[in-house]
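See below for the structure under consideration.
Worth knowing before you read on, the calculation uses all heavy atoms, side chains too, and leaves out hydrogens, waters and symmetry mates. Everything quoted here is computed from the prediction, not taken from an experiment. Chain letters run A, B, ... following the sequence lines, proteins first and then strands; every chain starts at 1.
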Amino acid sequence: MAIDKISTLSSKLRWGELEEDDGEDLDFLLPPRQVIGPDENGIKKVIEYKFNDDGDKVKITTTTRIRKLAKARLSKRAVERRSWAKFGDAVHEDVGSRLTMVSTEEILLERPRAPGTKAEETKAAGDSMAQLAKGGAVLMVCRTCGKKGDHWTSRCPYKDLAPQPEGFIDKPPTSEGPGAASGAGKNTYVPPGLRAGAERTGTDMRRRNDENSVRVTNLSEDTREPDLLELFRTFGAVSRVYVAVDQKTGLSRGFGFVNFVNKEDAERAINKLNGYGYDNLILRVEWATPRSN
DNA sequence: AATGAGCGG
């Protein structure tokens with residue numbers, strides 16, 4: 001740092017007086033501060049003017065080296081990166097001017113999917129959009145027969161006729177049939193027991209067996225599901241018991257259903273328990289008609 | 001007298 005005396009204040013303006021006056025600041029009398037550089041060597045000069053304690057006007061030159069110091073801390077690679085051309089949002093920035101940018105670029109993530117299914121998906125989405133435009137909701141498209149707005153896959157009237165989905169990748173799906181139309185089963189894992197050629201037992205385990213459903217009416221008001229189970233399980237495996245309960249009052253509505261795994265057991269239960277006295281009432285036990293939607 | 005809830009894409 002260099003300090004050069006430039007001039008001495010006039011006798012009129014004594015430093016001591018100035019300080020004691022209302023702290024008046026005479027810096028406005030001084031030339032403005034100047035900053036030169038830093039140059040290519042990282043040399044930066046700051047020139048400022050001040051009054052010293054004796055009231056002399058002095059020029060203070062401060063010389064610092066920035067770049068050199070900074071460079072010493074940077075790795076070679078980091079220094080090299082500074083010369084890289086800017087790209088993206090920083091393309092209009094000067095080389096070396098800014099090291100980081102906040103990216104506003106949109107990144108779309110792709111869902112990994114087997115190739116070839118994309119077009120179908122897009123098309124299906126398009127169909128849905130078209131339906132929405134017409135004002136209809138697009139819930140309920142049967143995956144078995146492809147019919148829209150009529151039934152869920154689990155209630156498809158053709159579910160027993162439809163070809164079962166083929167096995168895993170080693171067996172390509174058939175190109176015709178309603179199953180293929182909906183794209184169901186394609187590249188989808190199918191458990192061995194359900195693959196084509198697997199042994200089929202008489203009962204289809206994927207379906208809830210509403211077939212062996214028994215309706216029980218004239219139950220006393222305090223009969224609950226555990227009671228029904230106790231009463232009916234003596235005839236065979238029971239898959240479900242249900243007692244209709246009023247949603248508001250929580251009171252039993254006096255009837256319920258019992259589902260049997262085996263039809264014969266259901267039949268025997270009906271024969272034995274219909275007309276049977278339970279609590280203080282005579283039970284009615286008969287086949288239940290399949291429930292509506 | 002009386003025929004269930006809820007689950008989806």
A/R143 atom CZ is separated from B/dC7 atom P, nearest whole Å, by 17 Å
When you measure from the side chain of A/T217, which nucleotide among B/dT3, B/dG4, B/dA2 comes out closest? B/dA2
Would B/dG6 be called syn or anti, given that syn covers angles within 90° of 0? anti
Please give, in whole Å, the distance from B/dT3 C1' to A/I270 CD1? 14 Å
Return the value, rounded to whole Å, for the distance between atom OH of A/Y242 and atom C1' of B/dA2. 13 Å
Base of B/dG6 paired with side chain of A/S154 (donor-acceptor, under 3.5 Å): no
Taking atom types as they are modelled, would you say the side chain of A/R240 forms a donor-acceptor pair with the base of B/dG4 within the 3.5 Å cutoff? yes
Distance in angstrom units between A/L251 CG and B/dA2 P, rounded: 19 Å
In whole Å, I'd like the distance from the CZ atom of A/R253 to the C1' atom of B/dT3. 9 Å
Apart from A/Y242 itself, residues in the same hydrophobic cluster as defined by side-chain heavy atoms under 4.5 Å: A/F255, A/F257
In this structure, how many angstroms lie between the P atom of B/dG4 and the CD atom of A/Q247, rounded? 12 Å
Between C1' on B/dA1 and CD1 on A/I282, what's the gap in Å once rounded to a whole number? 16 Å
I need the minimum non-hydrogen distance between A/R284 and A/N274, along with the two atoms involved. CA-OD1, 3.3 Å
side-chain hydrogen bond (donor to acceptor under 3.5 Å, both in side chains) partners for A/Q247, two or more places apart: none
Between A/N259 and A/S239, does any side-chain donor sit less than 3.5 Å from a side-chain acceptor? no
Both A/F255 and A/H151 contact DNA chain B. Which one's nearest nucleotide lies toward the 5' end? A/F255
Distance-only donor-acceptor test (3.5 Å): side chain A/N218, base B/dA2: yes
Interatomic distance where CG belongs to A/D246 and P belongs to B/dA1 [whole Å]: 19 Å
Hey, are the side chains of A/L228 and A/V243 touching, using non-hydrogen atoms and a 4.5 Å cut-off? yes
